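Here is the structure we will look at.
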Amino acid sequence: MIVNPDIERFLLELLPERNPVFHEMEQVAARQNIPIVGPVVGNFLAQLVRIARARRIFELGSAIGYSTAWLALAAGPDAEVHYTDWSGDKAAVAREYLRRLGLLDRVVFHVGDAVEALRASPGEFDFIFNDIEKTRYLEVLELAPAKLRPGGLLVSDNALWHGRVLQPSDESSRQVWQLDYELSRRPDFVTSLVPLRDGLLVAFKLMHG
Ligand SMILES: C[S@@+](CC[C@H](N)C(=O)[O-])C[C@H]1O[C@@H](n2cnc3c(N)ncnc32)[C@H](O)[C@@H]1O
């Protein structure tokens with residue numbers, strides 16, 4: 001665990017009430033070992049969506065729709081949030097949770113490869129959330145910046161990859177490390193690595209390059 005457990009508990013205590021469906025999803029994810037972002041990061045994603053006034057959102061790697069729900073709730077009724085996962089079973093579960101949360105009409109489902117779905121989606125997005133397999137992070141790095149509008153955010157989960165970015169010795173840690181470094185150094189982005197949970201890389205695409 002990267003964040004001190006006492007600090008983690010304090011961060012959880014600070015959160016406002018959330019719909020009981022979110023609690024249910026958290027319990028299901030814990031029981032079934034589905035790695036979701038959890039409520040502290042979910043709340044932070046929702047804050048970023050509101051700050052960026054994001055309406056058109058693309059998520060790479062959505063599983064049971066937990067982070068999708070945080071994004072879609074924050075983006076408001078006229079949002080268009082793209083859900084992606086290659087598991088049709090997970091997409092069906094997500095669809096049911098999003099229906100119960102009253103968010104289904106703002107979500108577009110893609111079952112299949114998330115990077116290919118982003119490549120095939122026309123137009124620019126206000127917000128891209130990257131949470132797929134880490135051995136595809138370099139493909140996301142190559143594709144996502146051009147799919148983002150100036151003033152938009154590219155946010156990647158697991159930017160610390162359980163601390164393995166400190167000594168990247170396998171393909172996943174190498175790709176996460178490279179994404180962190182390259183986005184942090186790009187002159188057309190302002191980027192911060194926020195050490196919440198497993199680390200979130202928040203990259204803001206500048207208006208004027
Ligand atoms: C970490 S989980 C996503 C959790 C979700 N973002 C949340 O926090 O609620 C990653 C999911 O992405 C899916 N996935 C991983 N790589 C993918 C890819 N290249 N294309 C489509 N789905 C992918 C997996 O099936 C898994 O359900």
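The model shown is predicted, which means the values in this text are computed figures rather than measured ones. Sequential numbering from 1 along the given sequence is applied to the chain's residues. As the structure lists them, so they are numbered: ligands from 1, and atoms in each ligand from 1.
- Inter-residue side-chain proximity for Arg197 and Asp157 is flagged as met; some heavy-atom pair is nearer than 4.5 Å.
- Separating the CG atom in Leu193 from the CG atom in Asp180 is a distance of 5.0 Å, to the nearest 0.5 Å.
- Heavy-atom separations between Asp85 and ligand 1 include at least one value shorter than 4.0 Å.
- With hydrogens left out, the protein atom closest to atom 22 (N) of ligand 1 is Trp86 N, 3.2 Å, a heavy atom.
- Nearest non-hydrogen protein atom to atom 10 (C) of ligand 1 is Asp131 O, 3.4 Å.
- Residue Glu59 places a heavy atom less than 4.0 Å from ligand 1.
- Applying the 6.0 Å contact sphere to CG of Asp89 captures no more than 12 heavy atoms from other residues, nucleotides or ligands.
- You'll find the side chain of Leu196 reaches within 4.5 Å of the side chain of Leu11, heavy atoms only.
- The nearest pair of heavy atoms linking Ser121 to Lys147 is O-NZ, 2.8 Å.
- Numbered from 1 in the order shown, with element, the atoms of ligand 1 that lie under 4.0 Å from a heavy atom of Tyr66 read 9 (O).
- Atoms of ligand 1 lying under 4.0 Å from at least one heavy atom of Ala63, given by number and element, are 3 (C), 4 (C), 27 (O).
- Atom numbering of ligand 1 starts at 1 in the shown order; those under 4.0 Å from a heavy atom of Ala114 are 18 (C), 20 (N), 21 (C).
- Counting only N and O atoms by type, the side chains of Glu171 and Thr135 include no donor and acceptor under 3.5 Å apart.
- When heavy-atom distances to ligand 1 are checked against a 4.0 Å cut-off, Ser62 comes that close only through its backbone atoms N, CA, C and O.
- Taking the side chain as every heavy atom from C-beta outward, Trp161 and Gln175 never approach each other to under 4.5 Å.
- Close contacts of ligand 1 with Pro35, meaning ligand atoms under 4.0 Å from a residue heavy atom, involve 1 (C), 2 (S), 4 (C).
- Inter-residue side-chain proximity for Phe129 and Ile57 is flagged as unmet; no heavy-atom pair is nearer than 4.5 Å.
- Residue contact check: Lys90 has heavy atoms under 4.0 Å from atoms 25 (O), 27 (O) of ligand 1.
- Among all non-hydrogen protein atoms, the one lying nearest atom 5 (C) of ligand 1 is Ser67 OG, 3.3 Å.
- If you number the atoms of ligand 1 from 1 as listed, the ones under 4.0 Å from a heavy atom of Glu133 come out as 15 (C), 16 (N), 19 (N).
- For ligand 1, the polar-atom distance check finds an N/O of Gly61 within less than 3.5 Å of one of the ligand's N/O atoms.
- Aromatic ring pairs are classed by plane angle as parallel below 30°, tilted from 30° to 60° and perpendicular above 60°; the pair His110 and His82 is parallel.
- When hydrogens are left out, the protein atom nearest atom 8 (O) of ligand 1 is Val37 N, 2.8 Å; that is the closest non-hydrogen contact.
- Ligand 1 lies within reach of Gly112, whose nearest heavy atom is under 4.0 Å from it.
- Ligand 1 has no atom lying under 4.0 Å from any heavy atom of Val115.
- Residue-level proximity to ligand 1 for Ser87 is absent, since no heavy atom of it falls below 4.0 angstrom.
- When Val41, Asn158, Val155, Val140 are each tested for a side-chain contact (heavy atoms from CB on, under 4.5 Å) with Asp131, only one passes: Asn158.
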Q: Starting from the C-alpha separation in whole Å, work towards a yes-or-no answer on salt bridge (Lys or Arg N to Asp or Glu O under 4.0 Å) for Asp126 and Arg56.
A: CA-CA 5 Å; Asp126 303 314; Arg56 197 156 188 257; over 6 Å; no
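- Short contacts between ligand 1 and Arg136, defined as distances under 4.0 Å to a heavy atom of the residue, involve ligand atoms 19 (N).
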